[in-house]
**Student:** 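Pasting in a structure now, in structure tokens, and then I'll have a few things to ask.
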Amino acid sequence: MDDISNKDYVIIDHFLQDELYAEIKCFFLGKLPNFKEAGIGAHSDNQIDTRIRGDFTYWLDRERDAQLQTYWNLLDETMHIFNRYCYLSLSGYEFHLAHYPSGGHYDKHLDQFENRNNRMISMIIYLNDDWKPGDGGELEIFEKDGTSFLVEPLAARCVLFKSAEVPHAVLQAHKNRFSLTGWLLYQPRSVGKLLG
């Protein structure tokens, strides 16, 4: 909590226990045929532009995807901790599974829409077994002083950052890159599948 308050981001390795990691990864792989090409922009402004973004997503739903109950409980706990220690008044979340195939990337951006600003905390959990340098798909985080640094998408690593404050990009992947990505919200979520 201190890191995200002072630096606007925090990186936590081994965020998931092995059993939960395996459960989520198995669910992810089972849903790959249902992934759809991701767009940019919200609702009616949503459009596909592979020059800017080249990933595929599957939006999660707590009722439909009830087999992830342990993960949903972890999200509830995470939101409670933020509310308790950071006084954010978070009241919901929206998450999707993200697949960047080889060549996929996402240009520099903020996780906030122009006409919808309720995303408070971005949360990424990586699902990449045996990632090694040269595989690509690193997260580039841009600091306020104009510098940037890379975060390797290692299995079970979690990155949390302030959605409206931290510009970031996903570098080109050179092999399949998997993550569970979402946002802790100040207000109830909209229908995730309509979003970019």
Side-chain angles (χ1 to χ4, degrees), residues 1 3-12 15 35-62 71 74-75 78-79 81-83 86 88-100 104-128 137-144 146-153 157-173 177-196:
M1 293 302 104
D3 280 349
I4 203 164
S5 294
N6 297 327
K7 300 191 302 183
D8 297 337
Y9 61 84
V10 64
I11 300 165
I12 307 167
F15 184 75
F35 281 49
K36 300 196 181 305
E37 193 169 12
I40 54 173
H43 302 298
S44 60
D45 294 329
N46 188 270
Q47 56 184 308
I48 305 294
D49 189 339
T50 55
R51 295 169 301 174
I52 296 173
R53 181 178 185 178
D55 61 321
F56 295 77
T57 58
Y58 173 85
W59 285 91
L60 295 172
D61 180 272
R62 187 168 188 152
Y71 167 69
L74 176 62
L75 278 185
T78 302
M79 197 163 62
I81 290 170
F82 270 107
N83 285 339
C86 297
L88 291 184
S89 300
L90 300 170
S91 60
Y93 43 73
E94 56 190 11
F95 276 80
H96 66 244
L97 306 174
H99 169 216
Y100 285 80
H105 73 288
Y106 198 161
D107 288 352
K108 182 179 178 182
H109 65 283
L110 285 173
D111 282 352
Q112 201 67 274
F113 296 115
E114 185 175 338
N115 297 317
R116 177 178 170 246
N117 59 2
N118 64 332
R119 289 178 171 178
M120 298 293 289
I121 302 294
S122 298
M123 183 175 185
I124 305 167
I125 301 172
Y126 294 112
L127 305 170
N128 304 300
E138 297 93 341
L139 178 72
E140 183 172 12
I141 292 180
F142 296 87
E143 306 247 37
K144 291 178 180 175
T147 62
S148 69
F149 66 94
L150 299 181
V151 180
E152 298 173 338
R157 170 175 279 175
C158 177
V159 183
L160 296 156
F161 56 88
K162 295 178 182 176
S163 302
E165 303 294 331
V166 179
H168 57 285
V170 176
L171 300 191
Q172 186 178 56
R177 175 197 187 269
F178 301 147
S179 67
L180 199 170
T181 301
W183 301 271
L184 306 180
L185 308 175
Y186 178 66
Q187 298 166 346
R189 65 183 178 92
S190 297
V191 180
K193 64 183 179 181
L194 297 178
L195 304 176

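In what follows, every heavy atom counts, from backbone to side chain, and hydrogens, waters and symmetry copies are set aside.
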**Student:** Using the salt bridge (Lys or Arg N to Asp or Glu O under 4.0 Å) criterion, which residues pair with D111? Sequence neighbours excluded.
**Tutor:**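 Not a single residue meets the salt bridge (Lys or Arg N to Asp or Glu O under 4.0 Å) criterion with D111.
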**Student:** If we ignore hydrogens and angles and just use 3.5 Å, is the side chain of S163 paired with the main-chain N or O of S122 as donor and acceptor?
**Tutor:**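 Yes.
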**Student:** Restricting to non-hydrogen atoms, name the atom on S179 and the atom on I124 that form the minimum distance, rounded to 0.1 Å.
**Tutor:**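 Shortest heavy-atom contact: CB-CG2, 4.0 Å.
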**Student:** Grab the two heavy atoms, one from V170 and one from L139, that are nearest each other, plus how far apart they are.
**Tutor:**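 Residues V170 and L139, closest heavy atoms: CG2-CD1, 4.4 Å.
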**Student:** Short question: side chain of N128, backbone of F178 - any donor-acceptor pair under 3.5 Å?
**Tutor:**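 Yes, the answer is positive, given that a donor and an acceptor are paired below the 3.5 Å cut-off.
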**Student:** In chain order, what residues pass the side chain to side chain contact (heavy atoms under 4.5 Å, CB included) check against E143, with sequence neighbours excluded?
**Tutor:**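 Result, side chain to side chain contact (heavy atoms under 4.5 Å, CB included) vs E143: Y9, D145, T147, F149.
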**Student:** Looking at every heavy atom in both F82 and L90, which two are closest together, and how far apart are they?
**Tutor:**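 That would be CB-CD1, 3.6 Å.
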**Student:** Students often mix this up, so state it plainly: with edges at 30° and 60°, are the rings of H109 and Y106 parallel, tilted or perpendicular?
**Tutor:**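 Plane angle under 30°, so parallel.
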**Student:** Taking the side chain from D55 and the backbone from H99, do they hold a donor-acceptor pair closer than 3.5 Å?
**Tutor:**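 Between the backbone of H99 and the side chain of D55 there is no qualifying donor-acceptor contact (under 3.5 Å).
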**Student:** Return yes if some donor-acceptor pair links the side-chain N/O of R157 with the main-chain N/O of E152 below 3.5 Å, else return no.
**Tutor:**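 The answer is yes, because a donor-acceptor pair under 3.5 Å joins these two groups.
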**Student:** With distance as the sole test, does R177 use its side chain to make a donor-acceptor pair with the main-chain N or O of G137 at under 3.5 Å?
**Tutor:**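 Yes, because the side chain of R177 sits within donor-acceptor range (under 3.5 Å) of the backbone of G137.
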**Student:** Shortest non-hydrogen contact from K162 to S5?
**Tutor:**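 Result for this residue pair: NZ-O, 3.6 Å.
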